[in-house]
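One structure below.
Keep in mind it's a predicted model, so treat the numbers as computed, not measured. Just so you know, these numbers use all the heavy atoms, side chains as well, and skip hydrogens, waters and symmetry mates. Chain A is the first sequence line, chain B the second, and so forth, proteins listed ahead of strands; every chain is numbered from 1.
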Number of protein chains: 2
Amino acid sequence: MLSIGDLSKRTGVKVPTIRYYEQMGLIDAAERSEGNQRRYERQDLERLAFIRHARDLGLDIAAIRELIALSAHPHQPCGNADRIAADHLKSVRTKIEKLKKLEEELERIVSHCDGGHSIEDCYVIRSLSDHGLCDGEH
Amino acid sequence: MLSIGDLSKRTGVKVPTIRYYEQMGLIDAAERSEGNQRRYERQDLERLAFIRHARDLGLDIAAIRELIALSAHPHQPCGNADRIAADHLKSVRTKIEKLKKLEEELERIVSHCDGGHSIEDCYVIRSLSDHGLCDGEH
DNA sequence: ATCTAAATCTCCAGAGACTAGAGCTATGGA
DNA sequence: TCCATAGCTCTAGTCTCTGGAGATTTAGAT
């Protein structure tokens, strides 16, 4: 039987976050010790590791909840799990594209500025003030 | 003199967001009409466009506040403005790198799953359960 | 058995950057 | 003059935690 602190150390999920996941219904309410402290077993450890991993991949709580619900029915087809992951992959790709555009824009702004002149002439400030100095649409 | 709605239309910043920016001290409290409605001038339009542009680039409120403070002193050197933009560029690049790793991982997971088999054997679910199936560290 | 320090409990507030709603008032055009 | 639209303030909710207050439990040392 693990305390919440043990579970935290083993999974890398902080203690208040574990309690938060319980509140959100991602993990079952734990058994309690005589003194009302949470006590966990191997199963809980696995479940939490699953959640941690999914969060690391950027899946949100709702998606994780859904995946957990799916995994409770091992004999159904896995189309939905596939869809959740594929959708997420798509949104990650979209984010990357957006950030790349930002990167270009910021690169251009920064490259014009060596920090040596006055605010008045600073390309950073001027770029922000005047959208016309931008290349692309954003 | 523009109403808050006019300002919103011209800058693409939503009305409640404009009020929020006022509350956060990014824009000066506007003059008011007899009936207590906000009235704006060209200056305010420019300021808000500046903020909008900076937000589009992903700068946070604190950074924008700093840039605004800097731009109030046009004859000082612009080293800080340069630094803010350069720092942000760095953090954008870091985010891109992280997301690319996610992308790879998700790609790998999804490519193993065609949605046609059962949850029990689903690579999506199995990957999440077993970190050992992952390539890299994350 | 007793003491103490660390861990845990619950509950509440805050982070960031808005967004939405309730309930009321002002404005502008027919 | 009427009425729809737009505006006002204030509060609360979003999402995923994170941190603190103040009380209690636990584990280990004496």
Backbone of [Y] reached by a side-chain donor or acceptor of [X] within 3.5 Å:
{"X": "B/R47", "Y": "B/L26", "value": "yes"}
{"X": "B/R65", "Y": "B/M24", "value": "yes"}
{"X": "B/T17", "Y": "B/V13", "value": "no"}

Take atom [atom1] of [X] and atom [atom2] of [N], then tell me their distance rounded to the nearest Å.
{"X": "A/I27", "N": "D/dC17", "atom1": "CD1", "atom2": "C1'", "result": "14 Å"}
{"X": "B/D60", "N": "C/dA15", "atom1": "CG", "atom2": "C1'", "result": "12 Å"}
{"X": "B/E22", "N": "C/dC18", "atom1": "CD", "atom2": "P", "result": "15 Å"}
{"X": "A/N36", "N": "C/dC11", "atom1": "CG", "atom2": "P", "result": "10 Å"}
{"X": "B/Q23", "N": "C/dT19", "atom1": "CD", "atom2": "C1'", "result": "13 Å"}

Side chain of A/I61 only, heavy atoms from C-beta on: which candidate in C/dT19, D/dC8, D/dC17 is closest?
D/dC17
I want to verify a distance call: between C/dT8, C/dA17, D/dC8, whose nearest atom is closest to the B/Y20 side chain?
C/dA17
Indicate, with a heavy-atom threshold strictly under 4.0 Å, whether B/R19 touches base, sugar-phosphate, or nothing.
base
Any base atoms under 4.0 Å from A/R38, or only sugar-phosphate, or nothing? Heavy atoms, all strands.
sugar-phosphate
Below 4.0 angstrom from OP1 or OP2 of [N], is there any side-chain N or O of [X]?
{"X": "B/S33", "N": "C/dT27", "value": "yes"}
{"X": "B/Y21", "N": "C/dC18", "value": "yes"}
{"X": "A/R39", "N": "C/dT8", "value": "no"}
{"X": "A/T17", "N": "D/dT18", "value": "yes"}
{"X": "A/R55", "N": "D/dC15", "value": "no"}

Reference residue B/I27; test side-chain contact (heavy atoms from CB on, under 4.5 Å); the match among B/I18, B/D44, B/L7
B/I18
